[in-house]
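Notes follow the structure.
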Amino acid sequence: MEALAGITDLDREFGIPGLASVVEGNGGLPKVRITSPQGTGEMYLHGGHITSWKPAGDEVLFVSSQSRWEDGLAIRGGVPVCFPWFGAKADDPKAPAHGFVRTKAWQLESVTQAGGAVAVSMFTENDDSTKRWWPADFRLVHRATFGSELSLELLVTNTGATSLRFEEALHAYHRIGNFERARLHGLDGIHYLDKTDRNQEKTQQGDIVITSETDRIYLNTQGAVELEDPVLRRRTRVTKQNSRTTVVWNPWAQKARALSDLGDGEWTQMICIESSNVADFAVVLKPGQQHTMKATVTVAGS
Ligand code: TA6
């Protein structure tokens, strides 16, 4: 009852009639539902997590049918926010993978109309739960604009008195018709760390086609990538700013079976393309400094 009241209050405060409303989502978790003339979308306060974007009717993001929807667990699919570390925490194997912000409740900062689109801002800050893992004082804002394109901004502010170093990723799960026919353009000749092969550094030859478990960190690249999907007859382009790494992931069959929150065979319908700053491209901020990473997704018919 209390959670519902909270959702009703949030909707009263932030809802825009006909465009955006705060409603109860899966697991009773509050979400912002966007129905703009240019496209629809969904963003959960849990993890500041986008779970849907449909610019022209077709869903662009993949969400697992077996995803969990509860405090303390990450949603499998959509756009998880990884911060302040990526993957395992270098100095603490007990720390949660991909940091702690994707498993906690964020707060709604604003919902505004932006032309024919709708912009939603959510934020989270340091608290007792974050200090358990990381001593820094910070404010993290995820601003998403849902329209004919999806633009994402991750704004980090060092609100403390000492410098902080962080990794970040917008761990986007893109829905594909079939992994065998999809091709990812734009990383030819780029060096990458192969996480399936002891983080060996290698060089990408040509387009990326998923033919086995793929888990790679492309280094020192600010370029755009384009996902060609002949089955869904579309090309999805991701451009980015202030992001110097791109992670590409598909678990393939075996790893997918080990993920209890990924439905059987669903690995064939997804590829993660992650605008990020990880590994040697982690960001250092002095007290009071800010950093904004941006990614913009556009879809065209093919
Ligand atoms: O982004 C790729 C990756 O780091 C992979 O190594 C794989 O672990 C994936 O993220 C999913 O991580 P998760 O913690 O969500 O199961």
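Read the numbers this way: they start at 1 and go in the same order the structure lists the ligands and their atoms. Please read all numbers here as calculations on a predicted model, not as lab measurements.
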Can you name the atoms of ligand 1, numbered from 1 with element, that are less than 4.0 Å from a heavy atom of [X]?
X: Lys195; result: 4 (O), 6 (O)
X: Asp215; result: 2 (C), 5 (C), 6 (O)
X: Val247; result: 1 (O)
X: Glu274; result: 1 (O), 2 (C)
X: Phe86; result: 1 (O), 4 (O)

Which residue in the set Met293, Arg165, His291 passes side-chain contact (heavy atoms from CB on, under 4.5 Å) when paired with Val283?
His291
Nearest heavy atom to atom 15 (O) of ligand 1 wins, so pick from Arg102, His98, His171.
Arg102
Centroid-to-centroid, Trp106 to Phe123, below 6.0 Å?
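Distance test on ring centres: not under 6.0 Å, no.
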Centroid-to-centroid, His98 to Phe86, below 6.0 Å?
yes
Sub-4.0 Å protein heavy atom near atom 8 (O) of ligand 1:
no
Over 60° means perpendicular and under 30° means parallel, so tell me whether Phe83 and Trp134 are parallel, tilted or perpendicular.
perpendicular
Does ligand 1 have any atom that is closer than 4.0 Å to a heavy atom of Arg216?
no
So which heavy atom in the protein is nearest atom 16 (O) of ligand 1, and how far is it from that ligand atom?
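The closest one turns out to be Arg76 NH2, 2.9 Å.
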Among all protein non-hydrogen atoms, which one is nearest to atom 11 (C) of ligand 1, and what is the separation to 0.1 Å?
Trp249 CH2, 3.6 Å
Do any N/O atoms on Tyr173 end up under 3.5 angstrom from N/O atoms on ligand 1?
no
Among Lys240, Glu274, Arg216, which residue meets the side chain to side chain donor-acceptor pair (under 3.5 Å) test with Thr246?
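Exactly one option meets the side chain to side chain donor-acceptor pair (under 3.5 Å) with Thr246, and it is Lys240.
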With Arg244, which of Asn220, Asn277, Thr221, Asp280 fulfils side chain to side chain donor-acceptor pair (under 3.5 Å)?
Asn220
CD of Gln222 to CD of Gln241, rounded to nearest 0.5 Å, is 9.0 Å
In terms of hydrophobic clustering (I, L, V, M, F, W, Y; side-chain heavy atoms under 4.5 Å; direct or indirect links), are Leu152 and Val278 co-clustered?
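Leu152 does not cluster with Val278.
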